[in-house]
Amino acid sequence: MEPRYLQCTSCWQSRVPVAGFETLNASITSSSEPCNEDNRSLDACYTSEQKDTILQMLNNASPSELAGVKLLRGRKSVNIVEYRTKNGPFKTLESVVNVPLLKHKSAVTVFNSILNPVKRERKVRIQLAKFIRPEVDRSWLEEANAIVSIVCGTNKIAWAHVDREMMVLDWQELECPNFLKGTYLASAYLNDVSAVLKVLPSADFYIIEKSSISVQNTALFPIMAHMRTVEAMLFSLLEPRNFPQESNIPPKVLNMMRTAVGRHFELMVGDSRTSGARTVRQLMSDSVTKELPRINFPHNLLMKYRNAFQMSSKSEGEELCNALLQAVAFYELLSKSST
């Protein structure tokens, strides 16, 4: 069995050998205390050859070439070009943190992505309208620092707050006791939705799942009416603008197609979507065991949910799973659509 390593996400230098993680529990409990090297010079973390490679890229690459480096898509690549044009070429790695939106941890991820580029398969262009509605200017989405992904269930609302660097900032759900209780009493629904809004984090965009329940399916009509009611309330309460819409101001609230997220993670079986619990557990495990995971979790959330999303409890935590998967799919599909 090959040895595997935990690697510090702050400096990428401290590596702890770990033999064969089998579960997320083992991944978390076997790790040592993370090193704290935020005050260590970035130049001291790399060899002279590595520094030359990184500086060569940062000083000579075009914005489109820089956009191919992890975390540099969008405004960060433009900021690098503007900074070196104004101040001259970067002479040290430490000077890179002076670029707006590039701090120590982000710079380390960028440097390691330059040194270890990931081979990307040719991506097929995906139109934003295929998964985001209403369709908006892509640049608005690319410049967003963070989104809140919201998924409504039959008795709860879940959300995941994820930033542009694919770090989970908040991830939780709230019970809504008045959902689907007898008639759709507007005041009762409003109380539940308002309770969620009181604890919902602020973000550049709120992405609300658009369910795929068909109006022709009469058996599921009560569920569809419930989903549409909550969705409409969320749109109304989260959208600060006055209508009619102003074309030069981006909307605050958007829909994301549930089926698009399902296809992105290969969870679709025909027209039905299967549970994303296994996928979420894999993302959590990868956050600990991989050097460049798809998404990063803070330690407290890994500890909180490490035993959740078991396949045996079929419906438990589905909204939490879906909120997280929707956030990941949003950033990844947005990246695909711009290539």
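Throughout, numbering of the chain's residues begins at 1 and tracks the sequence.
Side-chain contact between Y46 and L115: present, with at least one pair of heavy atoms (C-beta onward) separated by less than 4.5 Å. Side chains of P177 and N155 form no contact here, defined as non-hydrogen atoms less than 4.5 Å apart. Using a 4.5 Å heavy-atom cutoff, the side chains of E332 and R294 are in contact. Side-chain contact between V162 and S149 is absent, with no heavy-atom pair separated by less than 4.5 Å. Taking 4.5 Å as the limit, some side-chain heavy atom of L174 sits within range of a side-chain heavy atom of W159. Between I157 and V151, every side-chain heavy-atom pair lies at or beyond the 4.5 Å cut-off. You'll find the side chain of L238 stays beyond 4.5 Å of the side chain of K252, heavy atoms only. For the pair V96 and I54, the minimum side-chain heavy-atom distance is 4.5 Å or more.
How far CG of L254 is from CD1 of I207: 4.5 Å, rounded to the nearest 0.5 Å. Taking CZ from R278 and SG from C321, the interatomic distance works out to 12.0 Å, rounded to the nearest 0.5 Å. Rounding to the nearest 0.5 Å places OG of S48 at 11.0 Å from CG of L55. Considering CH2 of W140 and CZ of F205, their distance stands at 8.0 Å, rounded to 0.5 Å. Note that CG of L185 and CG of L190 are 10.0 Å apart. Values are rounded to the nearest 0.5 Å. Going from atom SG of C45 over to atom NZ of K51 covers 10.0 Å, rounded to the nearest 0.5 Å.
Although no hydrogens or angles enter the test, the distance criterion places a donor-acceptor pair under 3.5 Å between the side chain of D204 and the main chain of N145. Under a 3.5 Å cut-off, the side chain of S287 and the backbone N or O of L283 do not form any donor-acceptor pair. A distance-only check finds a donor-acceptor pair linking the side chain of T229 to the backbone of A225 [under 3.5 Å]. Counting only distance, with no hydrogens or angles, the side chain of E65 and the backbone of S62 share a donor-acceptor pair below 3.5 Å. A donor-acceptor pair under 3.5 Å is formed between the side chain of D43 and the backbone N or O of L93. One N or O on the side chain of T85 and one on the backbone of V81 form a donor-acceptor pair closer than 3.5 Å. Between the S95 side chain and the T92 main chain, a donor and an acceptor come within less than 3.5 Å of each other. Using modelled atom types, no side-chain atom of E319 and backbone atom of C152 make a donor-acceptor pair closer than 3.5 Å. With hydrogens and angles ignored, the 3.5 Å screen pairs no side-chain donor or acceptor of R263 with any backbone N or O of R258. S113 contributes a side-chain N or O that, together with a main-chain N or O of K70, makes up a donor-acceptor pair within less than 3.5 Å.
Using a 4.5 Å cut-off between side-chain heavy atoms of Ile, Leu, Val, Met, Phe, Trp and Tyr, with links allowed through other members, M268 and L324 fall into different hydrophobic clusters. Put simply, I114 and Y83 are part of the same group of oily side chains (I, L, V, M, F, W, Y) that touch within less than 4.5 Å, one to the next. Transitive grouping of hydrophobic side chains (ILVMFWY, heavy atoms separated by less than 4.5 Å) keeps V78 and L141 in distinct clusters. L197 and V230 end up in the same hydrophobic cluster when Ile, Leu, Val, Met, Phe, Trp and Tyr side chains are linked at under 4.5 Å. By the rule that hydrophobic residues join a cluster once side-chain heavy atoms approach within less than 4.5 Å of another member, V110 and L101 end up as members of separate clusters.
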Go through it in stages, so that I can follow the logic: the residues are M256 and I208, the test is side-chain contact (heavy atoms from CB on, under 4.5 Å), and I'd like the CA-CA distance, side-chain angles, deciding distance and then a yes or no. CA-CA 6 Å; M256 188 161 183; I208 301 175; over 6 Å; no
Please test Y189 against H226 for ring-ring contact (aromatic ring centres under 6.0 Å, His included), starting from the C-alpha separation and ending with a verdict. CA-CA 10 Å; Y189 263 62; H226 159 73; 5.6 Å; yes
Worked verdict on M257 versus E209 for side-chain contact (heavy atoms from CB on, under 4.5 Å): CA-CA 6 Å; M257 304 300 107; E209 181 186 65; over 6 Å; no
Full working for side-chain contact (heavy atoms from CB on, under 4.5 Å) between H161 and V168: CA-CA 6 Å; H161 188 201; V168 180; over 6 Å; no
Could you go through the side-chain contact (heavy atoms from CB on, under 4.5 Å) check for N255 and I132 one step at a time? CA-CA 6 Å; N255 267 138; I132 288 291; over 6 Å; no
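One finds a salt bridge joining E231 and K210 here, because a Lys/Arg side-chain nitrogen approaches an Asp/Glu carboxylate oxygen to under 4.0 Å. Using a 4.0 Å cut-off between charged side-chain N and carboxylate O, K156 and E175 make a salt bridge. A salt bridge is absent between E165 and K105: the closest approach of a Lys/Arg side-chain nitrogen to an acidic carboxylate oxygen does not fall below 4.0 angstrom.
Of all non-hydrogen atoms in L102 and A107, the two that sit nearest each other are CD2-N, 4.3 Å. Of all heavy-atom pairs between R273 and L325, the closest is NH2-CD1, 4.4 Å. Nearest heavy-atom pair, M167 versus P298, reported as atom, atom and distance to 0.1 Å: SD-CD, 3.9 Å. Contact detail for R84 and F90: the closest heavy-atom pair is CB-CE1, 4.1 Å. Closest approach of L333 and A260 over heavy atoms only: CD1-O, 4.4 Å. The two residues S77 and L72 come nearest to each other via the heavy atoms CB-O, 3.1 Å.
Below 30°, between 30° and 60°, or above 60°: for F297 and W171 the angle between ring planes is between 30° and 60°, a tilted geometry.
Between the side chains of Q282 and D286, at least one donor N or O sits under 3.5 Å from an acceptor N or O. Between the side chains of Y331 and D163, no donor-acceptor pair of N or O atoms lies under 3.5 Å. S211 and R228 form a side-chain donor-acceptor contact under 3.5 Å, judged by distance and modelled atom types alone. Of the N and O atoms on the side chains of Q172 and D170, at least one donor lies less than 3.5 Å from an acceptor on the other residue.
Around the CG atom of N300, the shell of radius 6.0 Å holds more than 12 heavy atoms that belong to other residues, nucleotides or ligands.
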